[in-house]
Amino acid sequence: MKNWIPFLVLLLALSSCKTRNVIKNDTGNIQDSITQSDNNKGPKDVNEPVRDKLSFYEHVVIPPKFDQIKIDSKVRVETGSFIPTLDATIYIENDKKVWMNLRAVILNVARGIATPEGIKGQDKVNKTYIDSDFDYLNNLLNVNFIDYKSLEKILMGRTFVKISDSQFSLTQNAQGYKMVSNVNQKIVTDEKNREYKITLQYDTNYDLLSVNLKDVLSPDELEISYSDWDEYNGIRLPKNVKIIIKGSKSSQILMENTKFDFSRMETPYSVPSNYKKIEIK
């Protein structure tokens, strides 16, 4: 398989709530999962329970409102094989599509698009293309919960796993907030059932700093971290995103977002007739 395929699909995962995944015993209702808040107490140097849970959940669960966003990025992928730093243009149309174009120097080398139905990608150098559902992307990331909506959230630095007050412990200290699953999170899909230990870190202003998912029945682990947050057009977004994949497959993606734009743009995608389809197995 050509080297660009895992790169293109992994980039789609780099990062607002419908999902096909189901966590057992999770009601999916924010209000039902939050106990009545007490008066908020100031953060300490050691982890202490959070009193104002309602405010925390409102900030980290409710997605920002936007129609579209364009992100210019520098992307480095480390898989053990040489892949040059690429310039990426990523365009997100809320609830509809994630489109991207990849360039090496001035040459367009790949293009991809994700919709709620699946993902498509083409290699302009080798004249090949893929057309797949999200199972292929999940296999590359060693997980089983990525769908279109979670992809949008990953790209924008939003909480992309389900959290509930009954199944997570929430504490606060001087550095921010920490959520740790106190029971293994069982994520059930048509193809695979898996259990994860999940840890999330947030800054004092609720910016997501990191998410770690450890499969309790295998060495597979996924960690996504965010840094250098700033506000653009009323929405807080991270300048740096890092994905680390460990286990049966290991690699990492480093993404430096250099520009955010909120104007609408054209997102052409068509496969030339002379391109060869690569079957996903």
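Given the structure is predicted, the values throughout are model-derived calculations rather than measurements.
- Between Pro116 and Lys96, the closest side-chain pair of non-hydrogen atoms is not below 4.5 Å.
- In this structure, Asp87 pairs ionically with Lys74, as a charged nitrogen and a carboxylate oxygen lie closer than 4.0 Å.
- The shortest heavy-atom contact between Leu213 and Phe145 is CD2-CE2, 3.7 Å.
- Taking both residues in full, the closest heavy atoms of Ser251 and Thr79 are given as CB-CG2, 3.9 Å, listed atom of the first, atom of the second, then distance.
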**Request:** Show your reasoning for whether side chain to side chain contact (heavy atoms under 4.5 Å, CB included) applies to Val98 and Ile113.
**Result:** CA-CA 6 Å; Val98 174; Ile113 188 169; over 6 Å; no
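- If you chain together hydrophobic residues whose side chains sit under 4.5 Å apart, Leu209 and Ile243 never meet in one group.
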**Message:** Between Arg194 and Asp220, does the side chain to side chain contact (heavy atoms under 4.5 Å, CB included) criterion hold? Intermediate values first, please.
**Reply:** CA-CA 11 Å; Arg194 302 185 74 168; Asp220 291 344; 2.9 Å; yes
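- One finds the OG atom of Ser164 at 11.5 Å from the CG atom of Leu170 (value rounded to the nearest 0.5 Å).
- Between the side chains of Gln122 and Lys124, at least one donor N or O lies within less than 3.5 Å of an accepting N or O.
- Side-chain contact check for Glu223 versus Val211: every heavy-atom pair is 4.5 Å or farther apart.
- In this model, a donor atom of one side chain and an acceptor atom of the other lie less than 3.5 Å apart for Thr267 and Lys97.
- Of the N and O atoms on the side chains of Asn138 and Asn144, not one donor lies less than 3.5 Å from an acceptor on the other residue.
- By the criterion of side-chain heavy atoms lying less than 4.5 angstrom apart, applied directly or through intervening Ile, Leu, Val, Met, Phe, Trp or Tyr residues, Met255 is not grouped with Ile244; the two fall into different hydrophobic clusters.
- Using a cut-off of 4.0 Å between Lys/Arg side-chain N and Asp/Glu carboxylate O, Lys53 and Asp165 are scored as salt-bridged.
- Phe66 and Ile71 end up in the same hydrophobic cluster when Ile, Leu, Val, Met, Phe, Trp and Tyr side chains are linked at under 4.5 Å.
- Neither side chain, Gln185 nor Glu195, offers a donor N or O lying under 3.5 Å from an acceptor on the other.
- The heavy-atom pair separating Met179 from Phe56 by the smallest distance is SD-CE2, 3.6 Å.
- Remark: the Asn108 side chain and the Asn101 side chain contain an N/O donor-acceptor pair separated by less than 3.5 Å.
- Side-chain contact between Leu237 and Ile69 is present, with heavy atoms from C-beta onward closer than 4.5 Å.
- Tyr177 and Thr204 form no side-chain donor-acceptor contact under 3.5 Å, judged by distance and modelled atom types alone.
- In this structure, Lys277 and Asp131 approach most closely via the heavy-atom pair CE-CB, 4.2 Å.
- Rounding to the nearest 0.5 angstrom, the gap separating the CD atom in Glu58 from the CG atom in Leu54 is 4.0 Å.
- Taking the charged nitrogens against the carboxylate oxygens, Asp207 and Arg236 do have a contact shorter than 4.0 Å, which makes a salt bridge.
- The main-chain N or O of Ser210 is never found under 3.5 Å from a side-chain atom of Tyr202 such that the two would form a donor-acceptor pair.
- For residues 227-263, the ring pair (Phe, Tyr, Trp, His ring centres under 6.0 Å) pairs, not counting sequence neighbours, are Tyr232-Phe260.
- Remark: the Thr128 side chain and the Asn126 side chain contain no N/O donor-acceptor pair separated by less than 3.5 Å.
- By the rule that hydrophobic residues join a cluster once side-chain heavy atoms approach within less than 4.5 Å of another member, Tyr269 and Met265 end up as members of one cluster.
- Atom CG in Asn205 sits 10.5 Å away from atom CD in Glu231 (nearest 0.5 Å).
- For the residue pair Glu256/Asn240, the side-chain donor-acceptor check at 3.5 Å is not satisfied.
- Residues forming a salt bridge (Lys or Arg N to Asp or Glu O under 4.0 Å) with Glu221 (at least two apart in sequence, or on another chain): none.
- In this structure, OG in Ser270 is found 12.0 Å from OH in Tyr129, a value given to the nearest 0.5 Å.
- Counting only distance, with no hydrogens or angles, the side chain of Thr85 and the backbone of Arg76 share no donor-acceptor pair below 3.5 Å.
- In this model, a donor atom of one side chain and an acceptor atom of the other lie less than 3.5 Å apart for Ser73 and Asn257.
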**Request:** Could you go through the side chain to side chain contact (heavy atoms under 4.5 Å, CB included) check for Ile245 and Ser250 one step at a time?
**Result:** CA-CA 5 Å; Ile245 303 150; Ser250 297; 5.9 Å; no
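- In this structure a side-chain-to-backbone donor-acceptor pair under 3.5 Å is missing from Ser55 to Asp52.
- The two atoms that bring Gln172 and Val50 nearest to each other are CB-CG2, 3.6 Å, heavy atoms only.
- The local environment of NZ in Lys239 is sparse, with at most 12 non-hydrogen atoms from other residues, nucleotides or ligands closer than 6.0 Å.
- In this structure, CG in Leu102 is found 8.0 Å from CD1 in Ile90, a value given to the nearest 0.5 Å.
- Screening residues 83-127 for ring pair (Phe, Tyr, Trp, His ring centres under 6.0 Å), with sequence neighbours left out, gives no hits.
- For the side chain to side chain donor-acceptor pair (under 3.5 Å) with Thr89, the qualifying choice from Arg103, Arg111, Lys70, Lys259 is Arg103, the only one to do so.
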**Message:** Could you go through Val241 and Ile154, starting from their C-alpha distance and side-chain angles, then the distance that decides it, and tell me whether this counts as side chain to side chain contact (heavy atoms under 4.5 Å, CB included)?
**Reply:** CA-CA 9 Å; Val241 182; Ile154 289 173; 5.6 Å; no
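- Enclosure of atom NZ in Lys214 by more than 12 non-hydrogen atoms of other residues, nucleotides or ligands within 6.0 angstrom is indicated.
- Side-chain atoms of Glu152 and Asn94, non-hydrogen and from C-beta on, do get closer than 4.5 Å to each other.
- When all heavy atoms are compared, the tightest approach of Gln201 to Leu208 is O-CD1, 3.5 Å.
- Using modelled atom types, one finds no donor on one side chain facing an acceptor on the other under 3.5 Å when comparing Gln68 with Glu93.
- The closest side-chain heavy-atom distance from Tyr148 to Ile119 is not below 4.5 Å.
- The existence of a salt bridge linking Arg264 and Asp67 is excluded, since no basic side-chain nitrogen approaches an acidic carboxylate oxygen closer than 4.0 Å.
- A salt bridge links Lys149 with Asp95: the distance from a Lys NZ or Arg NE/NH1/NH2 to an Asp or Glu carboxylate oxygen falls below 4.0 Å.
- We find the CD1-OG distance between Ile130 and Ser132 to be 6.5 Å, quoted to the nearest 0.5 Å.
- Grouping the Ile, Leu, Val, Met, Phe, Trp and Tyr side chains by contacts below 4.5 angstrom, directly or via other members, places Tyr206 apart from Val180.
- Side-chain atoms of Thr159 do not come within 3.5 Å of backbone N or O of Val161 as any donor-acceptor pair.
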